[in-house]
Number of protein chains: 2
Amino acid sequence: MVTRRGMTRSAILEASVDLFGSRGFSAVSLDEIAGVVGVAKQTVLYWFPSKDELLDAVLEQTALELAAVIEAAVRSAPDEPLARIEAVIKAVLRPAVRRPALLGLVREVSRLSPDHAARLTDQVRPFVRRATDYLGEEMANGRLRMADPGLVVALAYATVTGIATEPTALQAVEWQATTTGLRRLRRELTEFLLAALRP
Amino acid sequence: MVTRRGMTRSAILEASVDLFGSRGFSAVSLDEIAGVVGVAKQTVLYWFPSKDELLDAVLEQTALELAAVIEAAVRSAPDEPLARIEAVIKAVLRPAVRRPALLGLVREVSRLSPDHAARLTDQVRPFVRRATDYLGEEMANGRLRMADPGLVVALAYATVTGIATEPTALQAVEWQATTTGLRRLRRELTEFLLAALRP
DNA sequence: ACGCTTTTCTACCATATGGTAGACAGCGAT
DNA sequence: ATCGCTGTCTACCATATGGTAGAAAAGCGT
């Protein structure tokens, strides 16, 4: 219908991020994606030859988006680990809460075939490596609590994605998704992580 | 085949926990569950009239199991919040790592229909309530860092389930699932949480 | 042995789903 | 005008899946 210039492809990607991320890969049909985009299923299969390749594209794009957000946050923060961590939290939490599917998709990876997981892991590895190295240095400098840098990265990642992708858990502790609720969540998350990492 | 006395039902439940928890509800077919149990699909549908009711039973059982483990850990620990938290981590991490699907299933809840999620939330609410109240008291006593008790419960939950259910993340930081790796993970997780909660 | 209940299995069925084949439309270049 | 290319659609297809109907076992009390 509308689809001016190659916009269909990106619309499909966007809808797929939301659907895969919120309900899971196999719970979403190509028909449903097509319906959301307002296009026939075959159009989806024209841009992405199979559901699997669509998933690969979705994963890759999500990883790139998140990496860019984190990268920018780190660069704009002063050269102090706690400040940088705070900046990253702030930068990630905004898109994560506005679009829970983003991190939900990342979390989905562990349920997919090892192939897909491996492809994404490979893509993300350099970033993880840099984060691990950085934390290791700062621990040696005494600006962070001494610990296993790799596991600390994994733990911080687990905390942030966990809290951002489990509305059920937040609902169980009677948290409200209002503006003030959001601010409180960000503050508590930040203090939680900083307390966990301070020397 | 074998199935002495009403064992079939519990075998189906067990297999379903593993499959739903590791790969997600909609990615698992009744045929597959039946295959794992070694029984015809209709036998599954005899014990659980539909896939949805099977899911409900699986969720309920998992919640009860986890609650029992946590309850026992809390009761056996001394009356000191940090010691109790450590005991809970220890108690939960063992079954969680041996059977990742357990927590994976809990995490799956947010992807399911609001109905299922609500049923589980209701069941878990009293436990959450008690945990929140307890943390609140101990914060007032100065034995824990001052914070929003509800959000702290959610954050600690997110950290533990996140780290226990994302092999992909752990793999990305080159963690190995050996005995020593497990011990290191438990130590780091404990220190991480205790540091986050200490006054 | 015989009935009654519980448990499991063998057909089936309707539908949803990923994917193929090919027609049709828009459009820029010649 | 028409050729060729790109993008979208309609028409199908094979298969997988949740679920139904009812037959065969398997116990079990009498």
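Values in this document were obtained by computation on a predicted structure and should not be read as measured data. In what follows, chains carry the letters A, B, and so on, assigned in the order in which the sequence lines appear, proteins first and then strands, with residues in each chain numbered from 1.
Atom CG of B:Asp31 is separated from atom P of C:dA16 by 18 Å (rounded to the nearest Å). Straight-line distance from the NZ atom of A:Lys41 to the C1' atom of D:dC12: 10 Å, rounded to whole Å. When rounded to the nearest whole Å, the span between CG of A:Asp52 and P of C:dG19 equals 7 Å. Across the protein-nucleic acid pair, B:Leu55 atom CG and D:dG18 atom C1' stand 14 Å apart, rounded to whole Å. Per the geometry, CE belonging to A:Met7 stands 17 Å off C1' belonging to D:dT6, to the nearest Å. D:dG18 atom P lies 4 Å from atom NZ of B:Lys51, rounded to whole Å.
Proximity of A:Tyr46 to the phosphate of D:dT8: no side-chain N or O atom is located under 4.0 Å from OP1 or OP2. A sub-4.0 Å separation between OP1 or OP2 of C:dT8 and a side-chain N or O of B:Thr8 is present. Remark: B:Ser50 is not in phosphate contact with D:dG18, judged by side-chain N or O atoms under 4.0 Å from OP1 or OP2. Between D:dT8 and A:Trp47, a contact under 4.0 Å exists linking OP1 or OP2 to a side-chain N or O.
Between B:Glu108 and A:Arg107 there is no salt bridge, since no side-chain nitrogen of the basic residue lies less than 4.0 Å from a carboxylate oxygen of the acidic one. One finds a salt bridge joining B:Glu191 and A:Arg145 here, because a Lys/Arg side-chain nitrogen approaches an Asp/Glu carboxylate oxygen to under 4.0 Å.
Not a single salt bridge (Lys or Arg N to Asp or Glu O under 4.0 Å) links A:Arg198 to another residue, sequence neighbours left out.
Proximity note for A:Leu45 (side chain, C-beta onward) versus C:dT6, C:dA11, C:dG19: the nearest is C:dG19. Taking only side-chain atoms of B:Thr43, from C-beta outward, the nucleotide of C:dT8, D:dG18, D:dA11 with the closest atom is C:dT8. Closest contact between the side chain of B:Gln42 and the listed nucleotides C:dG18, C:dG19, D:dG19 involves D:dG19.
A cation-pi arrangement is absent between B:Lys41 and B:Tyr46 under the rule of less than 6.0 angstrom and at most 45 degrees off the ring axis.
Both B:Leu30 and A:Ala40 sit near DNA chain D, but only A:Ala40 has its closest nucleotide nearer the 5' end.
Across all their heavy atoms, A:Arg111 and B:Phe20 have their closest contact at NH2-O, 4.2 Å. Taking every heavy atom of both residues into account, B:Lys51 and B:Phe25 meet most closely at NZ-O, 3.2 Å.
Pairs passing the salt bridge (Lys or Arg N to Asp or Glu O under 4.0 Å) check and including a residue from residues 112-127 of chain A, sequence neighbours excluded, read A:Asp56-A:Arg119, A:Asp122-A:Arg125, A:Arg125-B:Glu174.
Near DNA chain C, defined here as any heavy-atom distance below 4.0 Å, there are no residues from residues 17-28 of chain B.
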